[in-house]
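Written below as structure tokens is the structure these notes are about.
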2 protein chains.
Amino acid sequence: MTDVNFKNQSDRIPSPDEKARFGGPAQEPDELPYDLIELLFFAYRDFTSDPDDVLAQFDFGRAHHRVLHFVDRNPGIKVTDLLNILRITKQSLGRVLKQLVDQDFIEQRPGPLDRRQRLLFTTGKGHDLAVRLSRLQTKRLERATMDLPDGAADAVRQFLFQMIDPDARPDVAKLVRLPSQP
Amino acid sequence: MTDVNFKNQSDRIPSPDEKARFGGPAQEPDELPYDLIELLFFAYRDFTSDPDDVLAQFDFGRAHHRVLHFVDRNPGIKVTDLLNILRITKQSLGRVLKQLVDQDFIEQRPGPLDRRQRLLFTTGKGHDLAVRLSRLQTKRLERATMDLPDGAADAVRQFLFQMIDPDARPDVAKLVRLPSQP
DNA sequence: AGAAATAAGTCAATATGACTGACGTAAATT
DNA sequence: AATTTACGTCAGTCATATTGACTTATTTCT
């Protein structure tokens, strides 16, 4: 047994009933770009798998990664804004944030203007981890964009951006600091 | 308060300490394509949100969706192959699969050659739901690819494909039935 | 100055999706 | 006949998320 993922899936024999009910896998007229749906699934699955291994060493999960990433990228971000980016509840954030703070990956400082706020910053340690994780994802992204035709990387950017809910796009554009977004 | 997602994130004032420690958000030399990392996150977040709403009406979650999707697309798939596609354990699959079978979205038939196998098929009802969910994702994908330059959609396909672990690519290519993969 | 709104944290209870490890059964393979 | 395979299942656990209610401190509004 190799460690290849799913092998003999094509060895299957369709049952008679199946042949009756299904006109082959793409019985919906090929209008449906199933391939993109599935490619996105697999691409994202593997995209998140690199950091997972490192995070496991710290007893962290993906939730920690997301928090760490956006805090590192947006030093001084407010809890409320982080909640809206991640689209999770205060309670969900609270747990992972507490762990990150307790273990000295993130620190909180009262807002200088509004002292109710607890602005979030990565510590040196937190920043290092954030960068380390980003590098992993970056490597994969670079490998994936490397041998694309000229300008294709920008097409990918545009595609991904347009996959986002229209009303969320302005905020994402700001957050992501897109090189040029019309 | 509008229902826009994360607004005043750019209104924050960097603390003195922050300015000392951070040379701005992109202190890592711009080698790191942070934008792609984040765009992928947001794109995938919204990509999965459309089906989620429908699934909730049936008391299903994303796990059900994935199973339903791959069974619908690969009628007669074996449990083992499905496990390898989804990269989850038998127990995790078991729970959601049981619910889908009990509620008549998926049916199991003994393999005609190997009677140990329980080949999986969507029922009419299951197929309808699968298509309905795919259409939602399809719409978003079409909107996103629509105004891309010529050939850009293929660049996106290639990009996504190359984001996948190299050793998983042959299997994905087979499964996804890519139009043309060199 | 007092009332209302906001930022953040917290409590309790719950759900979902995942995990490990062990075991059982039927059927196929050697 | 022994072993392997395909699948299912039991028991226990964990991580991540949810809702709703409540507290505290602080700011803003009137």
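Rounded to the nearest 0.5 angstrom, B/Asp72 CG and B/Ile77 CD1 are separated by 11.5 Å. In this structure, A/Thr122 OG1 and A/Leu68 CG are separated by 7.0 Å, a value rounded to the nearest 0.5 Å. Atom CG of B/Leu40 is separated from atom CZ of A/Arg157 by 12.0 Å, given to the nearest 0.5 angstrom. To the nearest 0.5 Å, atoms CG (A/Leu55) and CG (A/Asp50) are separated by 11.0 Å.
Spacing between atom NZ of B/Lys78 and atom C1' of C/dA27 amounts to 14 Å, rounded to whole angstrom units. Between the P atom of C/dA8 and the CD atom of A/Glu107 lies a distance of 16 Å, rounded to the nearest Å. Remark: C1' of D/dA17 and NE2 of A/His65 are 19 Å apart, rounded to the nearest angstrom. Taking atom CG on A/Leu83 and atom C1' on D/dT18, their separation rounds to 14 Å, with Å as the unit. Per the geometry, CG belonging to B/Asp52 stands 11 Å off P belonging to D/dT18, to the nearest Å. Rounded to an integer number of Å, the gap from CG of A/Asp53 to P of C/dC19 is 14 Å. Going from atom CZ of A/Arg115 over to atom C1' of C/dT6 covers 15 Å, rounded to whole Å. Nucleotide D/dT16 holds its C1' atom 14 Å from the CG atom of A/Leu55, rounded to whole Å.
Helix bend of the helix from C/dA1-D/dT30 to C/dT30-D/dA1: the angle between its two end axes, each built from five pairs, comes to 30° after rounding to 10°.
Distances shorter than 4.0 Å separate some side-chain N or O of B/Thr89 from OP1 or OP2 on C/dC19. Side-chain nitrogen and oxygen atoms of B/Arg116 include none within less than 4.0 Å of the OP1 or OP2 phosphate oxygen of D/dT5. Phosphate contact (OP1/OP2 of D/dA15, side-chain N/O of A/His64, threshold under 4.0 Å): absent. A/Arg66 has a side-chain polar atom (N or O) that falls below the 4.0 Å cut-off from OP1 or OP2 of D/dA17.
With D/dA6, D/dT27, D/dC7 as the candidates, the nucleotide lying closest to the side chain of A/Asp114 is D/dT27. Listed nucleotides: C/dG17, C/dC19, D/dA6. Nearest to the side chain of B/Ser92: C/dC19.
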- Going 5' to 3' through nucleotides 9-15 of chain C and flagging B where a protein heavy-atom sits under 4.0 Å of the base, S where only the sugar-phosphate is that close, and - otherwise, we get BBB----
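Residue-level contact check: A/Arg95 touches the bases, meaning some heavy atom is under 4.0 Å from a base atom.
A donor-acceptor pair is defined here as one N or O able to donate and one able to accept, closer than 3.5 Å; no such pair exists between the side chain of B/Arg118 and the backbone of B/Lys78. Distance alone, capped at 3.5 Å, is enough to place a donor-acceptor pair between the B/Arg140 side chain and the A/Met163 backbone. Using a distance-only test at 3.5 Å, with no hydrogens or angles considered, a donor-acceptor pair links the side chain of A/Asp114 to the main chain of A/Arg116.
In this structure, B/Tyr34 has its ring center at least 6.0 angstrom away from the ring center of A/Phe70.
Scanning for side chain to side chain donor-acceptor pair (under 3.5 Å) contacts around A/Asp102 gives A/Lys98, with sequence neighbours left out.
Between A/Tyr44 and A/Phe47, the angle of the ring planes lies from 30° to 60°, which puts this pair in the tilted group.
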